[in-house]
Protein chains: 2
Amino acid sequence: MIDPLHRVTIDDVASRAGVHKATVSRALNARTRHQVNAETAARVAEAAEALGYVPNAMARGLRTSNSMTIGVIIPDLTNPFFPPIVRGIENFLQPRGYTALLANTDDSEVIERASLDSLLGRRVDGLVVASGSLYSSALTDAHEAGVFAVMLNRDAGSLPYPLVTGNDATGIAAAVTHLAELGHRRILHIAGPADFSTSGTRADAFRAACSSTKGVSGTVVEASALSVEAGNQTMDKVLTERRARPTAVIAGNDLVALGVLRSLRSHGLSCPGDVSVVGFNDIEFAQDSNPPLTTVHVPMLEMGTEAARILLEAIENRAQEPLTVRLPVSLIVRGSTGPAPA
Amino acid sequence: MIDPLHRVTIDDVASRAGVHKATVSRALNARTRHQVNAETAARVAEAAEALGYVPNAMARGLRTSNSMTIGVIIPDLTNPFFPPIVRGIENFLQPRGYTALLANTDDSEVIERASLDSLLGRRVDGLVVASGSLYSSALTDAHEAGVFAVMLNRDAGSLPYPLVTGNDATGIAAAVTHLAELGHRRILHIAGPADFSTSGTRADAFRAACSSTKGVSGTVVEASALSVEAGNQTMDKVLTERRARPTAVIAGNDLVALGVLRSLRSHGLSCPGDVSVVGFNDIEFAQDSNPPLTTVHVPMLEMGTEAARILLEAIENRAQEPLTVRLPVSLIVRGSTGPAPA
DNA sequence: TTGAAAGCGCTAACAC
DNA sequence: GTGTTAGCGCTTTCAA
């Protein structure tokens, strides 16, 4: 094939329909279709169909300065927390003609910077940011450039961007109450790294819930990351170093909880017989772990959808204001929590 | 802010550097930098840096008819099989200046069509297709339009597109051998729907492996989908309808295997005591299931990387040929397989 | 080594 | 209701 690539342009359609290309443009765009004679419009549609015409989004975007794309910045698609969020975003974008451009940062500032430049070069109309340490330069620059953005699960520091998140405080409180009712008195919270805004929120909520619950003493340790590996290591350390073993653990998220389960197993401890474990997020496989994980369900798909909704609204209004949307969460009790050992 | 959005253009840089925009273009592109005086180039780079200039990819793409984007078509990002593949693709694309545009089809032909049109409208330079029933019209049209594509884990039917896949046959054979060595004689294969090319490949490999293994009798049933739910249902049906219960099951993939585990549990059967189970793919969670899943490890990240590599090569050469890359797989033995019951 | 000019494919003012 | 014209921001001949 010589020069085969989707070459049919608006001029091709125009000459086949016997009209000017401006008319084709009007006929093919919903917003301007009423300006053109119904018969002509039909002829144009027919010609476009026959030629397999697909408008060139780059040309359109260049003209309208509107790329109809949204940049989505996440740490790592491979983390099971993010795929539902991304799908939630896309579910909202797709029927509205927008496409998501995905950028994984692996929590590296260098990659964040490069990704952001790549997205800005593609002239994304807005950003959904679920990545961690982005507070700093990159996001600040984006804000100064007037880029619309919505934060997801991580606040924007001092930048006045909207934030969509789960209600961490009530989730943690529900977990503490659940454990207290099962008779647990020594509860450990394995928090995520301090540079994630959720880590602090959850740890604070944990301390508050413990101190307002009679007889419960809460301790907080920090994991180096929100991963299975980090959860495993942190729990190993707790089990070897501490004299008074906690009877229950509330993990910073489900991955950390899975790591805790592994650690317990390798130390010959049973869950929930010796130690109860609660996760956070309710990733898809929480119900298939061993034992099935009691966890705080966070509506991840909806978080994505909501973030996309708020972003498109800002784009349409050409203005945005700070705003925090806290979606309700709920404790899902499964097999990893049980009565405190006697 | 009035009119704030990334407005600095090549002309702004040109006037600040006191040169013509053509010179800026040459100075800023690696391929043409040698055409311009080193001093001038430095001045241009400085001006660009100072203004925070990021070239407009749409304008460039319009001019060069090269969008530097790749369309990635998958059924559902939420299926844990796909995130590693997508990351593998992006890992290869990103350092080369390409961006992936993701499209979820939910295995619907209507959505596939719409997604493909959206991608073609954005003038993607190529396609990685990991979606199912795409054989039909949409992909054929793309091929006729001269669009480059690489299939991933699903062949393209009669279309001469390259295919990247795992070595299904050796994986299944290894699983059968492993089970035979454990003394299993009645092995069941729960295949995926027939319209996925991998389903047939694996089922055929299963039959071949069984008939070439002394004393082993293999049966194949088909699940309605490659999902936990479908695996659960299919196994339920097997357990209630069949008189001679298989002592081992090789599932079409890990999700189906997890469904089988659920079914066994709900029927009061133990794994691997009563029935051994083998999965396929080795999704990340396979090691944390109950029991940990013996499964065929497929290098999903590498499959993505390889597909991207082949695609960019085709784009660069402006030509592509059919070709099948079969990546090696390996059996990972965990807790879900054990000796056949006496 | 640099500048001038044309044009990628589209939409939006402005005519008629 | 439709055609004409201009121009979005870039790269790439062609001249100088």
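Throughout, a chain's letter reflects where its sequence line sits, starting with A, and its residues are numbered from 1.
- Comparing B:Arg31 and B:Leu62 along DNA chain D, the residue whose closest nucleotide (by nearest heavy atom) sits nearer the 5' end is B:Leu62.
- Separating the OG atom in B:Ser118 from the CZ atom in B:Arg113 is a distance of 13.0 Å, to the nearest 0.5 Å.
- For the pair B:Leu28 CG and D:dT12 P, the interatomic distance rounds to 14 Å; values are reported in whole Å.
- At a threshold of 4.0 Å, the pair A:Asp12-A:Arg7 does not count as salt-bridged, since none of the basic side-chain nitrogens sits closer than that to a carboxylate oxygen.
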Got a list of side-chain donor-acceptor pairs under 3.5 Å for residues 316-327 of chain B, not counting sequence neighbours?
unit_1	atom_1	unit_2	atom_2	d
B:Asn317	ND2	B:Glu313	O	3.3
B:Gln320	OE1	B:Ala149	N	3.0
B:Gln320	NE2	B:Ala149	O	3.2

Identify every side-chain donor-acceptor pair in residues 23-32 of chain B under 3.5 Å, counting partners at least two apart or on other chains, and give the distances.
unit_1	atom_1	unit_2	atom_2	d
B:Asn29	ND2	B:Ser25	O	3.1
B:Thr32	OG1	B:Arg26	O	3.0
B:Thr32	OG1	B:Asn29	O	3.2

Please tabulate, for the side chains in residues 40-47 of chain A, all donor-acceptor contacts under 3.5 angstrom to protein atoms that are two or more places apart in sequence or on a different chain.
unit_1	atom_1	unit_2	atom_2	d
A:Arg43	NE	A:Ala17	O	3.1
A:Arg43	NH2	A:Ala17	O	3.2

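- Applying the salt bridge (charged side-chain N to carboxylate O under 4.0 Å, His left out) criterion to B:Glu302, with sequence neighbours excluded, gives no partner residue.
- Here chain B contacts DNA chain C (any atom closer than 4.0 Å to a heavy atom, that is under 4.0 Å), and the contacts span C:dT1 to C:dG9 from 5' to 3'.
- Atom P of nucleotide D:dC10 and atom CG of B:Asn29 are separated by 11 Å, given to the nearest angstrom.
- If you measure from atom CE of A:Met68 to atom P of D:dC8, you get 22 Å, rounded to the nearest angstrom.
- One distance of note links CG of B:Leu119 with CG of B:Leu102; it measures 9.0 Å at 0.5 Å rounding.
- The stretch residues 48-60 of chain B has no heavy atom under 4.0 Å from DNA chain C, so no residue of it qualifies as close.
- For the atom pair CG (A:Leu312) and CZ (A:Phe92), the distance works out to 5.5 Å, reported to the nearest 0.5 Å.
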Per-pair distances, 0.1 Å, donor-acceptor, side chain in residues 51-64 of chain A, under 3.5 Å, sequence neighbours excluded:
unit_1	atom_1	unit_2	atom_2	d
A:Asn56	OD1	A:Met58	N	2.7
A:Asn56	OD1	A:Ala59	N	3.1
A:Thr64	OG1	A:Arg60	O	2.9

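- Along DNA chain D, the nucleotide nearest to A:Thr64 and the one nearest to B:Arg26 differ in position, and the one closer to the 5' end is contacted by A:Thr64.
- Defined by atom type and a distance below 3.5 Å, a donor-acceptor pair is present between the side-chain atoms of B:Thr99 and A:Arg122.
- Axis angle across the helix from C:dT1-D:dA16 to C:dC16-D:dG1, with five pairs used at each end and values rounded to 10°: 40°.
- Put simply, CD1 on A:Ile10 is 12 Å from P on D:dG3, counting in whole angstrom units.
- Using a 4.5 Å cut-off on side-chain heavy atoms (C-beta onward), B:Leu101 and B:Ile70 make no contact.
- No contact: B:Thr32 has no heavy atom under 4.0 Å from any strand.
- Partners of A:Arg87 according to the salt bridge (charged side-chain N to carboxylate O under 4.0 Å, His left out) rule, which considers only residues two or more places apart in sequence or in another chain, are B:Asp76, B:Asp106.
- A:Ser65 comes within contact range of no nucleotide atom at all, as no heavy-atom separation falls under 4.0 Å.
- Between the base of D:dG9 and the side chain of A:Arg123 there is no donor-acceptor pair shorter than 3.5 Å.
- Applying a 4.0 Å cut-off to non-hydrogen atoms, the residues of residues 11-23 of chain A that approach DNA chain D are A:Val19, A:His20, A:Ala22, A:Thr23, listed by residue number.
- Going from atom CG of B:Asn66 over to atom C1' of D:dT12 covers 14 Å, rounded to whole Å.
- Residues meeting the side-chain contact (heavy atoms from CB on, under 4.5 Å) test with B:Thr198, sequence neighbours left out: B:Asn153, B:Arg154, B:Asp168, B:Phe196, B:Arg202.
- With sequence neighbours left out, A:Pro83 forms a side-chain contact (heavy atoms from CB on, under 4.5 Å) with A:Leu77, B:Leu77, B:Pro83.
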